[in-house]
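Everything quoted here is computed from the prediction, not taken from an experiment.
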Amino acid sequence: MARQSGIIPLKGMIGNITFYKSKAGNLAREKGGVDANRIATDPAFIRTRENGAEFGRAGEAGKLLRTAFRALLLNIGDSYMSSRLGREMMKVIQADTTNVRGQRNVIYHSYRSCCRNAQR
């Protein structure tokens, strides 16, 4: 990532370069990556699609827990709480031994250890 050090902080795109602001300051990055249609159809990206499906389920499960405990998290949650909870939900999904990769899901009995690890 390139850092902007000029007088005028930019935001948006100029050509293939995107300018944005984050906690680290004003940054710039070049557009890149593989076409979304290729990821969705190319057999070489099967593992990527499997990982994306499981990551999506981990995000949904994390949101469900965050919503359930919203009143508690308003006072104690920090800006990285969602990331930590998502990481723990991925561990829960990876513990699923009954489904094949890409179709694994959150297992209820694994929530107990997940919740202890997410809040430091």
Side-chain angles (χ1 to χ4, degrees):
M1 295 285 159
R3 286 194 190 275
Q4 295 182 52
S5 60
I7 299 171
I8 303 170
L10 300 172
K11 185 177 180 182
M13 288 187 70
I14 299 177
N16 285 338
I17 300 175
T18 303
F19 300 90
Y20 62 99
K21 185 175 182 175
S22 73
K23 289 183 179 180
N26 293 313
L27 302 174
R29 67 178 174 194
E30 188 175 7
K31 183 179 180 182
V34 182
D35 184 68
N37 188 37
R38 182 172 175 209
I39 291 175
T41 57
D42 192 342
F45 290 95
I46 290 174
R47 185 56 54 102
T48 302
R49 291 191 295 272
E50 291 171 351
N51 291 339
E54 290 184 356
F55 186 76
R57 280 193 283 279
E60 288 173 2
K63 182 173 186 204
L64 192 70
L65 273 177
R66 282 194 320 274
T67 303
F69 295 109
R70 183 173 306 277
L72 297 172
L73 295 176
L74 286 174
N75 297 327
I76 60 171
D78 59 9
S79 61
Y80 298 106
M81 178 66 188
S82 295
S83 300
R84 288 196 309 271
L85 191 56
R87 179 181 63 216
E88 298 303 323
M89 284 294 136
M90 279 301 296
K91 290 178 186 176
V92 170
I93 286 177
Q94 290 167 353
D96 181 0
T97 57
T98 59
N99 295 310
V100 296
R101 184 184 183 99
Q103 296 176 355
R104 297 182 293 196
N105 213 336
V106 175
I107 304 169
Y108 175 73
H109 72 273
S110 297
Y111 272 143
R112 206 171 291 151
S113 65
C114 150
C115 293
R116 273 191 224 118
N117 294 332
Q119 185 63 35
R120 291 184 184 169

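The two residues Q103 and R57 have their closest heavy-atom pair at CA-NH2, 3.3 Å. The two residues A28 and I17 make their nearest non-hydrogen contact at CB-CG2, 4.1 Å. Considering every non-hydrogen atom in both A58 and G86, the closest pair reads CB-O, 4.2 Å. Closest of all the heavy-atom pairs between N37 and T41 is O-OG1, 2.8 Å. Summarising the geometry of M89 relative to G62, their closest heavy-atom pair is CG-N, 3.8 Å, with the distance given to 0.1 Å. Nearest heavy atom pair, residue V92 against residue V106, reads CG1-CG1, 3.7 Å.
Qualifying side-chain contact (heavy atoms from CB on, under 4.5 Å) partners for T48, counting only residues two or more places apart in sequence or in other chains: I39, F45. Listed by chain and residue number, L10, F19 satisfy the side-chain contact (heavy atoms from CB on, under 4.5 Å) test with I14 (two or more places apart in sequence, or in another chain). Contacts of T67 classified as side-chain contact (heavy atoms from CB on, under 4.5 Å), with partners at least two apart in sequence or in another chain: K63, R70. With sequence neighbours left out, the side-chain contact (heavy atoms from CB on, under 4.5 Å) criterion links S22 to Y20, A24, L27. Not counting sequence neighbours, the partners of K23 by the side-chain hydrogen bond (donor to acceptor under 3.5 Å, both in side chains) test are S79.
Here the straight-line distance linking atom CG of N26 with atom NZ of K21 works out to 6.0 Å at 0.5 Å rounding. Once rounded to the nearest 0.5 Å, the distance linking OG of S82 with CG of L65 reads 11.0 Å.
Residues in residues 46-55 take part in these salt bridge (charged side-chain N to carboxylate O under 4.0 Å, His left out) pairs, two or more places apart or across chains: R47-E50, E50-R101, E54-R104. Applying the salt bridge (charged side-chain N to carboxylate O under 4.0 Å, His left out) test to residues at least two apart or on different chains, the pairs with a partner in residues 34-43 are R38-D42.
Of the charged side-chain nitrogens involved, at least one lies within less than 4.0 Å of a carboxylate oxygen, so that R84 and D78 count as a salt-bridged pair.
With side-chain heavy atoms closer than 4.5 Å counting as contact, directly or through intermediates, the hydrophobic cluster containing M90 also holds F55.
Looking at D96, its side chain does come within 3.5 Å of a backbone N or O of N105 through a donor-acceptor pair.
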